[in-house]
Amino acid sequence: MNIVYLLLGSNIGDSKMHLATAHSYIENTVGKIINFSSLYSTEAWGYKDQSSFLNQVIIIETKLDPRETINKIFDIEEKMGRKRTIKNAPRIIDIDILFFNRDIIQTKKLTVPHPEIQNRRFVLVPLTELSADFIHPVFDKKMKSLLNDCMDTLNVQKI
């Protein structure tokens with residue numbers, strides 16, 4: 001069984017409902033949710049001229065391999081109405097694979113661990129809530145250390 005950390009985000013419409021819908025799709029097609037963080041309201045990162053995001057990290061168990069997992073995630077985003085326009089644009093749902101076990105994966109479609117984890121408080125805060133002592137397989141640092149070292153100053157508020 002594979003342990004996968006996912007980041008969910010939404011900033012269009014009823015974001016709380018979109019995250020709940022994503023939970024349902026993930027449980028039905030990808031794997032069992034075994035833990036999840038609190039919800040966090042976070043300022044938009046990258047493209048600033050948009051509403052704040054609602055973010056959450058979930059941990060799932062799956063029998064799927066990384067390629068199957070990312071394909072199912074893309075299917076979920078499409079079913080939920082995500083339109084890929086400009087980078088970091090507003091979106092109904094965004095689902096990123098943060099970690100897949102402790103694997104290091106580099107393909108055209110998937111980079112794991114997610115390459116920006118260490119630079120984003122909206123990822124590190126919920127990750128640290130769930131797994132403060134999880135060690136990043138590339139940087140060999142615990143999540144709580146990465147959060148302490150993070151230079152990102154965007155506001156991340158627990159709901």
Side-chain angles (χ1 to χ4, degrees), residues 1-42 44-47 50-139 143 146 156 159:
M1 196 64 72
N2 297 301
I3 302 297
V4 183
Y5 286 72
L6 301 175
L7 175 72
L8 309 180
S10 173
N11 76 334
I12 294 176
D14 186 344
S15 293
K16 203 177 242 185
M17 183 194 72
H18 295 318
L19 294 185
T21 301
H23 278 223
S24 181
Y25 277 129
I26 289 164
E27 286 242 298
N28 288 327
T29 63
V30 184
K32 181 182 178 194
I33 296 173
I34 57 173
N35 206 353
F36 53 89
S37 73
S38 302
L39 297 176
Y40 290 87
S41 175
T42 62
W45 191 93
Y47 179 63
Q50 60 182 311
S51 300
S52 292
F53 277 81
L54 198 59
N55 290 110
Q56 183 179 49
V57 170
I58 66 172
I59 304 172
I60 65 168
E61 284 181 337
T62 185
K63 293 179 181 177
L64 302 178
D65 66 31
R67 182 187 51 78
E68 293 168 320
T69 302
I70 194 65
N71 287 338
K72 295 281 187 192
I73 286 169
F74 286 157
D75 289 347
I76 291 167
E77 289 178 333
E78 187 177 315
K79 277 182 193 165
M80 290 185 65
R82 175 161 181 192
K83 306 283 186 241
R84 293 184 186 273
T85 57
I86 62 170
K87 187 172 176 66
N88 298 319
R91 44 210 177 270
I92 289 172
I93 193 68
D94 185 29
I95 306 170
D96 291 329
I97 297 176
L98 301 175
F99 298 110
F100 197 98
N101 300 313
R102 290 189 35 84
D103 299 352
I104 298 171
I105 303 163
Q106 184 75 49
T107 68
K108 284 183 189 177
K109 208 172 187 180
L110 181 62
T111 300
V112 175
H114 190 287
E116 294 294 330
I117 291 170
Q118 69 283 357
N119 298 320
R120 297 177 175 174
R121 285 181 47 77
F122 70 88
V123 177
L124 288 168
V125 170
L127 257 175
T128 301
E129 176 190 331
L130 287 178
S131 300
D133 292 325
F134 182 83
I135 297 173
H136 193 292
V138 172
F139 299 116
M143 292 302 106
L146 289 176
V156 178
I159 303 274

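By convention here, the first residue in the shown sequence is residue 1.
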query: Could you walk me through whether Ile34 and Ile60 pass the side chain to side chain contact (heavy atoms under 4.5 Å, CB included) check?
result: CA-CA 5 Å; Ile34 57 173; Ile60 65 168; 5.9 Å; no

- prompt: Any sub-3.5 Å donor-acceptor pair from Thr42's side-chain atoms to Phe122's backbone N or O?
  reply: no

- line: Hits for side-chain hydrogen bond (donor to acceptor under 3.5 Å, both in side chains) against Thr29, two or more places apart or cross-chain, chain-then-number order -> none

field: Pro126 side chain reached by Phe36 side chain, heavy atoms, under 4.5 Å
entry: no

- prompt: Can you name the residues that form a side chain to side chain contact (heavy atoms under 4.5 Å, CB included) with Ile92, not counting sequence neighbours?
  reply: Ile12, His18

message: Looking at Asn55 and Ser41, would you say the former's side chain and the latter's main chain have a donor-acceptor pair under 3.5 Å?
response: no

field: Lys16 and Leu54, any side-chain heavy atoms less than 4.5 Å apart
entry: yes

message: Could you tell me if Ser38 and Gln56 have a donor-acceptor pair between their side chains, going purely by distance under 3.5 Å?
response: no

query: What residues, two or more places apart in sequence or in another chain, satisfy side-chain hydrogen bond (donor to acceptor under 3.5 Å, both in side chains) together with Ser131?
result: Tyr5

field: Inter- and intrachain pairs under salt bridge (charged side-chain N to carboxylate O under 4.0 Å, His left out), touching residues 94-111, at least two apart
entry: Arg82-Asp94, Arg91-Asp94

message: Give me the atom names and distance for the closest heavy-atom approach of Val112 to Phe100.
response: CG1-N, 3.4 Å

query: Which heavy atom of Ile97 sits nearest a heavy atom of His114, and at what distance?
result: O-CB, 3.6 Å

field: Point-to-point distance, once rounded to the nearest 0.5 Å, from CG of Leu19 to CD1 of Ile93
entry: 5.0 Å

Separation of Asp65 CG from Glu68 CD (nearest 0.5 Å): 4.0 Å

- prompt: Counting only N and O atoms by type, is there a donor-acceptor contact under 3.5 Å from the side chain of Glu27 to the main-chain atoms of Ile33?
  reply: yes

- prompt: Taking atom types as modelled and ignoring hydrogens, do the side chains of Glu116 and Asn119 form a donor-acceptor contact shorter than 3.5 angstrom?
  reply: yes

task: Could you give me the CA-CA distance, side-chain angles and deciding distance for Ile26 and Leu8, then say whether side chain to side chain contact (heavy atoms under 4.5 Å, CB included) is met?
output: CA-CA 11 Å; Ile26 289 164; Leu8 309 180; 3.9 Å; yes

- request: Calculate, to the nearest 0.5 Å, the distance between atoms CG and CD belonging to Leu146 and Gln118 respectively.
  value: 7.0 Å

field: Side-chain heavy-atom pair Leu64, Asn2 within 4.5 angstrom cut-off
entry: no

Ile73 CD1 to Tyr25 OH distance, which is reported to the nearest 0.5 Å: 15.0 Å

message: So, using ring pair (Phe, Tyr, Trp, His ring centres under 6.0 Å) as the criterion, who are the partners of Phe139 when residues are at least two apart?
response: His136

- request: Establish, from distance only, whether the side-chain atoms of Glu129 and Ser37 form a donor-acceptor pair under 3.5 Å.
  value: no

field: Student check: side-chain heavy atoms of Leu6 and Ile59 closer than 4.5 Å
entry: no

message: For a 4.5 angstrom cut-off between non-hydrogen side-chain atoms, does Phe99 reach Met143?
response: yes

- request: Answer yes or no: is there a side-chain heavy-atom contact under 4.5 Å between Thr21 and Met80?
  value: yes

- prompt: Looking at OG1 of Thr128 and CZ of Arg121, how far apart are the two atoms once the value is rounded to the nearest 0.5 Å?
  reply: 9.5 Å

field: Ile117 vs Leu124, side chain to side chain contact (heavy atoms under 4.5 Å, CB included): CA-CA, chis, key distance, verdict
entry: CA-CA 7 Å; Ile117 291 170; Leu124 288 168; 3.7 Å; yes

task: Could you check if a side-chain atom of Ile104 sits within less than 4.5 angstrom of a side-chain atom of Pro113, using non-hydrogen atoms only?
output: yes

task: With sequence neighbours left out, write down each residue that passes side-chain hydrogen bond (donor to acceptor under 3.5 Å, both in side chains) with Thr69, or none if nothing qualifies.
output: none

task: Answer yes if the ring centres of Phe53 and Tyr40 are under 6.0 angstrom apart, and no otherwise.
output: no

query: Under the 3.5 angstrom rule, does the side chain of Ser15 hit a backbone N or O of Ser10 as a donor-acceptor pair?
result: yes

Side chain proximity check, Ile76 to Val30, heavy atoms < 4.5 angstrom: yes

